[in-house]
Amino acid sequence: MFGQVLATEFMKLHRAKATWATLAVLALMPLGIALFMWIVREPGRAAQLGLLGTKASLAGLEATWPQYFYMLTLVFGVGGMLLLAFIVAYLFGREYRDATAKNMLALPVARHWFAVAKLLVAAAWWMALIVIVLVEAMAIGLAMGLPGFSAELAATGIANVLLAATISLLLAPVVAWIAVWSRGEVAPIAFSLVMLALGNLFGKTGWAEWFPYSIVPLLIGMVADPVGTLPAGSYVVLAATFAAGTGATILQLRFADNSQ
Amino acid sequence: MPDTTVSTRALVKRYRDVTAVDSLNLDVRRGEIYGFLGRNGAGKTTTIRMLLGLIRPSGGEVTVLGRRIVPGETGVFSRVGFLVETATAYPHLTVRENLDIQRRLTGSPPRSVAESIALLRLDPYADRRAGQLSLGNKQRLALARALLHSPELLVLDEPANGLDPAGIVQIRELLRSLADGRGVTVFMSSHILAEVAHLADRIGIVHDGRLIEESSRDELAAKARAFATDAYTPEEREQALLTLDLERYFLARTGDGPKGGAASTGGDS
């Protein structure tokens, strides 16, 4: 039966504008970075382009592959966390927005399968986006002829993007729980924005490795110098957050009143 | 096989200070159409949500098809079709796609989608997105979804919502044929007496969350007649009968009702 639940969750994405919207938003990120790189490569362009040029200069960017990967990890890590929150909020919250939750929850299907299937769809959706946009980013970088490319650098850069994406996935079940608890899409997205801000604040206190929403900023160097490898404690915190979020979502679907 | 398909015992639902359902005892017999009649806010939808395990009772218990309803235990619902409150569907998916989701999740054969589309006369709209349907056709889609897996019990909350008079008659006939032909039990709520009176074998009247009366249709009709005799003037009773005649006349003129003498004498056809 779980196979059918998973299949129907994918069917529900058919013709959904959200899939294309998320692809468009994520696909713009490497283009935005490339634009900045193109500006800073020629100092004269920065002056010509006014505010945009000033921003690119202020960011202290160099038009090199190491900087390109650093920026990719930064925007995928932070922007990606919000985008994934949107995906999860959409998958869980729209059942309440469209008032289809009541139809879903009185079917002869164990309710936890819906939670698991939706999280798997979110993971597949998210990873497909990351792979597509990584390919796009590599193509853009190569087309620009950025200096400093090496296979080792590419492997490290891609690994960091994938690690940031995976960490975002581990935080997703909490967003799912907020969506089913609040019966909508607004609260989980607002929650993610607040957590992102708190994550940056916490990151500056030296406790970044213990606060789940500081771990991506810690990894990508948003709150301090980038760490090469995450401390073991961070993995424990992430695993606990994932387990708590998944458990809370399942319990909410199973035992809470569904009166919407 | 138990003779009772739906049973509630001392069922209570409280929301803080408000008691939505109060000590409700119901027994719905196998194969009957049970009309659950009450005004808006009487507790009908809350009761239906408890029957379907969507909300937890504050007290008492619910048994459906011999199985006690426990939150999260959904196995019995393979034998139950339902429509709760407003008819909803995935708006960006077509009628056929919405029904295919239901088919997969109820383990029904592929042909059941086409059968339920035909049964509810949704063929012209089968490939139209649910979000583009009229209110009446959304209701038909919800009923098609409820019937798709050939359930033994139908729990329908205001099934005539949004339907035109022809649609109401069609659904009425469909439910009657399911009960008489296949032995399907129908538990339907409504706030419209005429709708329930036309269809139900037994009628329970709920008010302020309590079951205040339970009678067969004939008994209730007799009580209503006696009440009308006492409470209304002859002119008022004549007006009530005229309303019923108008309904029959309208259905006859629009091609879906029985052809009566009044209908056939219309001058503008």
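Numbers restart at 1 for each chain; the letters A, B, ... are given by sequence-line order, proteins then strands.
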Using heavy-atom distances under 4.5 Å, tell me whether A:A110 contacts chain B through its side chain, its backbone, both, or neither.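 For A:A110, the contact with chain B is made by the backbone alone.
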Contacting region of A:M11 [heavy-atom separation from chain B under 4.5 Å]: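 Both parts, backbone and side chain.
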Count the heavy atoms of every other residue, nucleotide or ligand shown that sit under 6.0 Å from CZ of A:F211, and state whether that count exceeds 12.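 Correct, the count exceeds 12.
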Is atom NE2 of B:H207 surrounded by more than 12 heavy atoms (other residues, nucleotides or ligands) closer than 6.0 Å? no
Quick check on [X] against chain A: is it the side chain, the backbone, both or neither that has a heavy atom closer than 4.5 Å?
X: B:T86; answer: both
X: B:F82; answer: side chain
X: B:A89; answer: backbone

Would you check if [X] and [Y] make a side-chain contact, meaning some heavy-atom pair closer than 4.5 Å?
X: A:R254; Y: B:E73; result: yes
X: B:L105; Y: A:F114; result: yes
X: A:R15; Y: B:T94; result: yes
X: A:H14; Y: B:E97; result: yes

What distance do [X] atom [atom1] and [Y] atom [atom2] have between them, rounded to the nearest 0.5 Å?
X: B:L54; Y: A:K102; atom1: CG; atom2: NZ; answer: 9.0 Å
X: B:I101; Y: A:E9; atom1: CD1; atom2: CD; answer: 8.0 Å
X: A:T100; Y: B:L93; atom1: OG1; atom2: CG; answer: 10.0 Å
X: A:R94; Y: B:H92; atom1: CZ; atom2: NE2; answer: 4.5 Å
X: A:L107; Y: B:T106; atom1: CG; atom2: OG1; answer: 7.5 Å

Where B:R104 and A:A7 come nearest, the two heavy atoms and their spacing: NH1-CB, 4.1 Å
Determine the minimum heavy-atom distance between A:P108 and B:G75, stating which atoms define it.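 The answer is CB-O, 4.1 Å.
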Which one of B:R49, B:R14, B:K13 satisfies the salt bridge (charged side-chain N to carboxylate O under 4.0 Å, His left out) criterion with A:D257?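 Exactly one pass, corresponding to B:K13.
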Under a 3.5 Å cutoff, is there a donor and acceptor pairing between the side chains of B:T88 and A:N103?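 Note: B:T88 and A:N103 side chains meet the donor-acceptor criterion.
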